[in-house]
Trainee: 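Handing you this structure, nothing more for now.
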Protein chains: 2
Amino acid sequence: MFTLSEENYLKAIYHLELSSDKGISTNAIAEQLTTKASSVTDMIKKLSEKKVVVYKKYKGVTLTNTGKKIASNIVRKHRLWEVFLVEKLNFSWDEVHDVAEQLEHIKSPKLINQLDALLGFPTHDPHGDPIPDEDGNLKTIEKSLLSTLQKNESGICVGVDDSSSEFLQFLDKKGIILGKKITVLEKEDFDNSFAIQIDDKKLSISNKIANNLYIRKI
Amino acid sequence: MFTLSEENYLKAIYHLELSSDKGISTNAIAEQLTTKASSVTDMIKKLSEKKVVVYKKYKGVTLTNTGKKIASNIVRKHRLWEVFLVEKLNFSWDEVHDVAEQLEHIKSPKLINQLDALLGFPTHDPHGDPIPDEDGNLKTIEKSLLSTLQKNESGICVGVDDSSSEFLQFLDKKGIILGKKITVLEKEDFDNSFAIQIDDKKLSISNKIANNLYIRKI
DNA sequence: TTTAATTTTTAGACATGTCTAAAAAAATAT
DNA sequence: ATATTTTTTTAGACATGTCTAAAAATTAAA
Ligand SMILES: [Mn+2]
Ligand SMILES: [Mn+2]
Ligand SMILES: [Mn+2]
Ligand SMILES: [Mn+2]
């Protein structure tokens, strides 16, 4: 079995591999886990011995199939627990991450299967991120950044890129919630801000916001 | 905060204190946690520095009020999670303990409060053990061992003393479930076994069983 | 293509929690 | 009261996971 620390390394590498085709660098992992490169090297050697990563000195690291499976299972647990917290325990979407970071390490296949069933086999977590199935497959939906919409185009809000507590609370304040229809009324050239409409409400959002919100075009 | 290991020590001492008025011995703790006495001494020193136990060399250890509160909170979490697993995730009562051992260390007051509410503020876990409230108070009900019943007396099954998986599965097989009414039909002198009635079923149980089953006399 | 900057690895240290073996204290027996 | 047994503590070791500082390799610049 794998320790809590080993699991966190595998998960970090998994996330980094999703947005990179090369081997994952020691430094990138260190940054992701807010630890030091030297610690990463040590751990990578251990994971390599356990055959969950392929490692060649100075060349970065990649997950093996086994490693990928373990990592995606942790992500699966993380996201299922997030759904549970929101759907069953009245957490808001900005409160769930830290608790899920703990719960993702609980070891019990039955627990996860039953939780999945209790929640109605959800495919996405409260932030719009896909929940891997037991084999690690994830249902990707075609989503675009809100910033790619043209004037008078609309989309359904389906996810966030930055899911920090601050950003999520900001969205709450603005009334921006997953599932809502957003229409671009105006794109301002001078600062790339957007005038948008949600329900009957018109509001202005900065370019930074528009670059962190995913929508499904309609 | 307290590490997983520290929490397990506090919980062990808490359980041992419930059935002892003296200070808890190093050896007793070591046995409870299946570790070595020397390790216990080391840990006790640390817990003593943190003011959660009172320790005097060679004199055993007792929980301070702070220590008691922390320990009872862990027990609270353990038992609430056990209820959750049985009530919401279709676990049977012999499957919950090991998972609860992991879940009891999750840190999130909101999680526990909401879980408590979701479960309808239960007072007892699936094994009939009381769930401490937030201040550590536990609702004790007057319960007796089945073996103390006389011929023709009856009781409601309210708990088990031994809650090992094997014993619980044995009870399942016999149809003995918490909440059932049990009537003693006969006490056999030569082996202290009991002939009992549950629902319409008559069955014979050994003295060992009768000494591990709690009932509320009616 | 040599030099400089950056990244990665190694060497050595430290904290945590555990262990075995030996010493010290307490409890029990003679 | 002294000797023996049991319990508890100490001393020293080890595994895990982390760190800093220095060395080595790679990459970028001149
Ligand atoms: Mn999360
Ligand atoms: Mn999420
Ligand atoms: Mn239990
Ligand atoms: Mn229980």
Side-chain angles (χ1 to χ4, degrees), chain A residues 1-14 16-17 19-63 67 70-71 74 101-102 104-105 107, chain B residues 1-14 16-17 19-63 67 70-71 74 101-102 104-105 107:
Chain A
M1 276 306 86
F2 293 84
T3 66
L4 187 128
S5 212
E6 289 170 338
E7 289 193 344
N8 282 334
Y9 274 90
L10 289 174
K11 189 177 53 140
I13 298 166
Y14 175 86
L16 290 166
E17 275 192 345
S19 43
S20 159
D21 40 359
K22 290 166 297 183
I24 305 305
S25 77
T26 305
N27 260 359
I29 299 168
E31 192 189 15
Q32 178 92 358
L33 294 173
T34 48
T35 183
K36 294 299 153 76
S38 53
S39 308
V40 174
T41 303
D42 287 345
M43 179 57 92
I44 277 174
K45 285 179 184 166
K46 216 189 329 166
L47 294 175
S48 179
E49 299 241 310
K50 291 196 173 187
K51 312 280 187 199
V52 286
V53 302
V54 176
Y55 168 57
K56 272 163 84 185
K57 267 193 198 175
Y58 295 101
K59 295 295 174 192
V61 73
T62 48
L63 291 174
I70 294 164
I74 298 164
E101 284 289 310
Q102 301 177 59
E104 71 188 5
H105 300 289
K107 281 154 192 74
Chain B
M1 277 305 87
F2 292 84
T3 67
L4 187 129
S5 212
E6 289 170 338
E7 288 193 347
N8 282 334
Y9 274 91
L10 289 174
K11 188 176 55 141
I13 298 165
Y14 175 86
L16 290 165
E17 276 192 344
S19 43
S20 160
D21 41 359
K22 289 167 296 182
I24 306 305
S25 78
T26 305
N27 260 358
I29 298 168
E31 192 188 13
Q32 178 92 0
L33 294 173
T34 48
T35 184
K36 295 298 154 73
S38 53
S39 309
V40 174
T41 303
D42 287 346
M43 179 58 90
I44 277 174
K45 284 178 184 166
K46 215 189 328 168
L47 293 175
S48 178
E49 299 240 312
K50 291 194 172 188
K51 310 281 187 200
V52 285
V53 302
V54 176
Y55 169 57
K56 270 162 86 184
K57 267 194 198 175
Y58 296 102
K59 294 297 175 190
V61 73
T62 47
L63 292 173
I70 294 163
I74 299 164
E101 284 290 310
Q102 300 178 60
E104 72 189 4
H105 300 289
K107 281 155 192 73

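In what follows, chains carry the letters A, B, and so on, assigned in the order in which the sequence lines appear, proteins first and then strands, with residues in each chain numbered from 1.
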Trainee: What integer distance in Å separates M43(A):CE from dT10(C):C1'?
Mentor: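 About 17 Å, once rounded to whole Å.
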Trainee: Who pairs with E104(A) by side-chain hydrogen bond (donor to acceptor under 3.5 Å, both in side chains), at least two apart in sequence or on another chain?
Mentor: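 Testing E104(A) for side-chain hydrogen bond (donor to acceptor under 3.5 Å, both in side chains), a comparison that skips the adjacent residues, returns K11(A), H78(A).
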Trainee: Checking E17(A) now: which residues fulfil side-chain hydrogen bond (donor to acceptor under 3.5 Å, both in side chains) with it, not counting sequence neighbours?
Mentor: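 With sequence neighbours excluded, E17(A) shows a side-chain hydrogen bond (donor to acceptor under 3.5 Å, both in side chains) to no residue whatsoever.
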Trainee: Within the pair S39(B) and dT18(C), is there a side-chain N or O less than 4.0 Å away from OP1 or OP2?
Mentor: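 Answer is no, no contact under 4.0 Å.
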Trainee: Does the pair I24(A) and S20(A) meet the rule for a side-chain contact (heavy atoms from CB on, under 4.5 Å), with working shown?
Mentor: CA-CA 8 Å; I24(A) 305 305; S20(A) 159; 3.9 Å; yes
Trainee: Touch check for T26(A), heavy atoms < 4.0 angstrom, all strands: base, sugar-phosphate only, or nothing?
Mentor: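 The residue T26(A) makes sugar-phosphate contact but no base contact.
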Trainee: Any base atoms under 4.0 Å from S5(B), or only sugar-phosphate, or nothing? Heavy atoms, all strands.
Mentor: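 Touches sugar-phosphate only.
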Trainee: What is the distance, to the nearest angstrom, from the CD1 atom on I44(A) to the P atom on dT10(C)?
Mentor: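 These atoms are roughly 11 Å apart.
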Trainee: State which of dT18(D), dT8(D), dT18(C) makes the closest approach to the side chain of Y9(B).
Mentor: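 Given the options dT18(D), dT8(D), dT18(C), the side chain of Y9(B) is closest to dT18(C).
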Trainee: Do nucleotides 11-16 of chain C as a string where each nucleotide becomes B, S or -: B if the base has a protein heavy atom under 4.0 Å, S if just the sugar-phosphate does, - if no protein is that close.
Mentor: ------
Trainee: Quick check on dT10(C): is either OP1 or OP2 less than 4.0 Å from any side-chain nitrogen or oxygen of K45(A)?
Mentor: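 For dT10(C), OP1/OP2 do have a side-chain N/O of K45(A) under 4.0 Å.
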Trainee: In Å and rounded to the nearest 0.5 Å, what is the OG1 to CG distance from T35(A) to D42(A)?
Mentor: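 Result: 9.5 Å between the selected atoms.
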Trainee: Verify side-chain contact (heavy atoms from CB on, under 4.5 Å) between I44(B) and I29(B), making sure each step is shown before the conclusion.
Mentor: CA-CA 10 Å; I44(B) 277 174; I29(B) 298 168; 4.0 Å; yes
Trainee: With the threshold set at under 4.0 Å for non-hydrogen atoms, list the residues of residues 47-59 of chain B touching DNA chain D in residue-number order.
Mentor: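 Only Y55(B), K57(B), Y58(B) qualify.
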Trainee: Of all residues at least two apart in sequence or in a different chain, which pass the side-chain contact (heavy atoms from CB on, under 4.5 Å) check with N27(B)?
Mentor: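 N27(B): side-chain contact (heavy atoms from CB on, under 4.5 Å) contacts with S25(B), A37(B).
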Trainee: What verdict does the side-chain contact (heavy atoms from CB on, under 4.5 Å) test give for N8(B) and T3(B), after you've listed the backbone C-alpha separation in whole Å, the side-chain angles of each residue and the deciding distance to 0.1 Å?
Mentor: CA-CA 9 Å; N8(B) 282 334; T3(B) 67; over 6 Å; no
Trainee: In sequence, state the C-alpha distance, the side-chain angles, and the governing distance for L4(A) and Y9(A), and then conclude on side-chain contact (heavy atoms from CB on, under 4.5 Å).
Mentor: CA-CA 9 Å; L4(A) 187 128; Y9(A) 274 90; over 6 Å; no
Trainee: Which donor-acceptor pairs under 3.5 Å do the side chains of residues 47-61 of chain A make with protein atoms, sequence neighbours left out?
Mentor:
residue : atom : partner : partner atom : Å
K50(A)  : NZ   : M1(A)   : O            : 3.4
K50(A)  : NZ   : E6(A)   : OE1          : 3.2
K50(A)  : NZ   : E6(A)   : OE2          : 3.1

Trainee: Give the rounded distance in Å between these two atoms: CG of N8(A) and P of dT18(D).
Mentor: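 Roughly 9 Å, once rounded to whole Å.
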Trainee: Tell me, please, which residues at least two apart from E31(A) pass side-chain contact (heavy atoms from CB on, under 4.5 Å).
Mentor: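 For E31(A) there are no side-chain contact (heavy atoms from CB on, under 4.5 Å) partners, ignoring immediate neighbours.
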Trainee: For E7(B), what residues pass the side-chain contact (heavy atoms from CB on, under 4.5 Å) criterion, not counting sequence neighbours?
Mentor: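 E7(B) satisfies side-chain contact (heavy atoms from CB on, under 4.5 Å) with F2(B), I74(B), H105(B), K107(B) once adjacent residues are dropped.
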Trainee: Just to be sure I understand the geometry, which residues of residues 27-37 of chain B put a non-hydrogen atom under 4.0 Å away from DNA chain D?
Mentor: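 Heavy-atom contacts with DNA chain D come from N27(B), A37(B).
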